[in-house]
Amino acid sequence: PESLKPMTRGSLRLDFNGSYVNFDSKIDLKSNIGNVNANIGRVCDEDGNNKFAGFVNVERVDVGKLANIEKTVGALDLAANVSMNFPKKGKAKFDVDGNVYRVDLLGNFIDRIKVDGSLNEDRFNGKLSVFDNDLDLDFVGLIDFENRKKPKSDFTAVIRNADLAGLNILKNDSISNLSTHLTVKMTGFDIDDLEGTLNITNTLFKNSRGEYAMDNFTASIVNDNLIMRRINMDCDFFNLEMAGQMNLNSLPNSLKEHFDYYVEVPLWDQQLEKFMNYRVKHNADQDFYMNMTLKDTHELTRLLLPDLTVAKNTTLNGTFTSRSHLLNFTMRSKQIDYGSVRLENVELKKHPAIDGSSSTLSINKIVWRDSTSVDTTVFGLDRFTYDVLLKNDTIFNSLSWNDLSDADHNKALVNGCCVPNDLGASFWIRQADLTINDSVWCINPKNYIEMANKRIKISNLEFCHNQQRVMADGVVPKTDG
């Protein structure tokens, strides 16, 4: 058999007692991929049903080589009572009750695994318990791979401890411990075929920076005849709803094609050649809506981005229809903080324009340094707006801000263009009217910036106020760092 090709040498001793129909046997196999000792008997009843039963002892059998999964699993030691039923009609059934004393998993040795269940061809139903310093869990339920494209899962898993660092799953921290409780009722394997429910409770993650808890995460995926597909997620940190015609595998490609429709960036296509080959196999229409509301994200951002704080009830709503090149979304947040920078009343909008696509970022107040009891000076910008228009293979930019006070001490209006090309992009500022601390500044209209051949060439980038000038002119090489 193909699966036994890794066994290149070995010896077999077989002791047999009985007839072909009913017998007892002793098997002693020694090979380059491990050893197997077994006492197996066969009974055939009057109806022609066959049953094999006995005890099997496995020593250092390299399961990874046999199943071609060497990067994940290595050798194992197993002692178990087994029973194999081959009915005259119907499917074969395999029952096992025993212990795996040692298995090489992800480069680690797992010492104790208890298995009690039945295996019916590609279907396992039973209990699996692991008792190890790196992994301590109980699995109870069903995994059915009879339909390879849409396997079924119906199980509960209680993970009392998973040392993700010890298991070589996470390598950026020597302390990475996870405990959680999962209940899964799903069909499908590919993200676009999944259907069912997932519930995760009592999750606690520990690393060298602290502990992070999530009480509940619930997800449901339903294929609906009316709106085709509906995804709902609800957890401590956010609530998400997506519905319509969607293909998540091809979504990155669909978004790229949307922006290419207005502005093509040749350099991106060159750098994403592998992705472009991937998209040929994953190309589908998108026509869906999405609504997302953030709750208290402090625990999540503390883990992933400690410097970031996002206000409760921040919302993101949008629709995407790829066939018509329509992408609309609106993000609103009362406040976003990153480090010492505070953004107040943030709104980001993406909407169609005449023969183009427009995006606007509006921030009522940006504060880099707030006042203190010692220094009441505030550094920031008021009524900040950044507009981007994609049209005719050109990216038009407009940047402005204006004081909230009656007297305009600081305000600006800056307009520019960017044109991507095969080597990179060309950029120039068409207009720049700036008032900084009551001083009016203007720009040299002959300014030009070219990004190509791993360098940035700057020409006549000059800001002037009376006899004062700030100028940049020359070449800046790009570095890998």
Interatomic spacing from [atom1] in [X] to [atom2] in [Y] - rounded to 0.5 Å:
X: W428; Y: Y448; atom1: CH2; atom2: OH; result: 7.0 Å
X: L164; Y: L170; atom1: CG; atom2: CG; result: 5.0 Å
X: L389; Y: S357; atom1: CG; atom2: OG; result: 8.0 Å
X: K185; Y: E195; atom1: NZ; atom2: CD; result: 14.0 Å
X: L308; Y: Y338; atom1: CG; atom2: OH; result: 7.5 Å
X: I143; Y: L128; atom1: CD1; atom2: CG; result: 9.0 Å

Given R123 and D144, is the salt bridge (charged side-chain N to carboxylate O under 4.0 Å, His left out) satisfied, shown in steps?
CA-CA 4 Å; R123 182 176 184 268; D144 189 347; 3.7 Å; yes
How close do [X] and [Y] get, heavy atom to heavy atom, and via which atoms?
X: D296; Y: F237; answer: O-CD2, 3.5 Å
X: D132; Y: D134; answer: OD2-N, 2.9 Å
X: L413; Y: S398; answer: CD1-OG, 4.0 Å
X: M214; Y: C235; answer: SD-CB, 4.4 Å
X: C418; Y: A425; answer: SG-CB, 3.9 Å
X: L326; Y: P352; answer: CD2-CG, 3.9 Å

Beyond-backbone contact of [X] with [Y], side-chain heavy atoms, under 4.5 angstrom:
X: T309; Y: T297; answer: no
X: F217; Y: N199; answer: no
X: R332; Y: T314; answer: no
X: R469; Y: F463; answer: no
X: N177; Y: N161; answer: yes
X: S153; Y: L142; answer: no
X: S359; Y: D387; answer: no
X: S362; Y: T385; answer: yes

For the pair D234 and T218, evaluate side chain to side chain donor-acceptor pair (under 3.5 Å) and give the outcome as yes or no after the intermediate values.
CA-CA 5 Å; D234 187 39; T218 301; over 6 Å; no
Set out, in order, the CA-CA distance, both residues' side-chain angles and the distance that settles side chain to side chain contact (heavy atoms under 4.5 Å, CB included) for K127 and V115, then state yes or no.
CA-CA 6 Å; K127 182 177 181 180; V115 183; over 6 Å; no
Flag the pair [X] and [Y] as a salt bridge only when some basic side-chain nitrogen lies within less than 4.0 angstrom of an acidic carboxylate oxygen.
X: K334; Y: E344; answer: no
X: D173; Y: K206; answer: no
X: R342; Y: D370; answer: yes
X: D403; Y: R383; answer: no
X: K391; Y: D355; answer: no
X: R230; Y: E241; answer: yes

Under the 3.5 angstrom rule, does the side chain of [X] hit a backbone N or O of [Y] as a donor-acceptor pair?
X: N453; Y: R455; result: no
X: D192; Y: N249; result: yes
X: D104; Y: V73; result: no
X: T394; Y: N392; result: yes
X: R209; Y: L303; result: yes
X: N317; Y: T315; result: no
X: N168; Y: K171; result: no
X: D193; Y: D190; result: no
X: H351; Y: N328; result: no
X: T330; Y: K349; result: no

What I want to check is whether the side chains of [X] and [Y] have a donor and an acceptor closer together than 3.5 Å.
X: T201; Y: N216; value: no
X: Q335; Y: D337; value: yes
X: N247; Y: S250; value: yes

Does the pair T203 and F205 meet the rule for a side chain to side chain contact (heavy atoms under 4.5 Å, CB included), with working shown?
CA-CA 7 Å; T203 301; F205 178 71; 5.5 Å; no
I'd like to know whether [atom1] of [X] has more than 12 heavy-atom contacts from other residues, nucleotides or ligands below 6.0 angstrom.
X: K114; atom1: NZ; value: yes
X: L304; atom1: CG; value: yes
X: K152; atom1: NZ; value: no
X: R160; atom1: CZ; value: yes
X: D393; atom1: CG; value: yes

Determine whether D285 and Q245 satisfy the following criterion, side chain to side chain contact (heavy atoms under 4.5 Å, CB included), listing intermediate values before the conclusion.
CA-CA 7 Å; D285 287 336; Q245 181 181 356; 3.6 Å; yes
Under the side chain to side chain donor-acceptor pair (under 3.5 Å) rule, what do D287 and T321 come out as? Steps first, then yes or no, please.
CA-CA 4 Å; D287 187 8; T321 305; 3.1 Å; yes
Would you check, one step at a time, whether the test side chain to side chain donor-acceptor pair (under 3.5 Å) holds for R229 with N223?
CA-CA 4 Å; R229 191 166 175 81; N223 291 325; 2.9 Å; yes
Evaluate side chain to side chain contact (heavy atoms under 4.5 Å, CB included) for I110 paired with L167, printing each intermediate quantity in order.
CA-CA 9 Å; I110 305 299; L167 292 170; 4.0 Å; yes
Just checking, R369 and F379: is the charged tip under 6.0 Å from the six-membered ring centre and within 45° of the axis?
no
One pair to check against side chain to side chain donor-acceptor pair (under 3.5 Å): D433 and Q431. What are the steps and the verdict?
CA-CA 7 Å; D433 300 323; Q431 175 190 6; 2.8 Å; yes
Please identify which of these residues, F259, Y261, F320, meets the ring-ring contact (aromatic ring centres under 6.0 Å, His included) condition with H325.
Y261
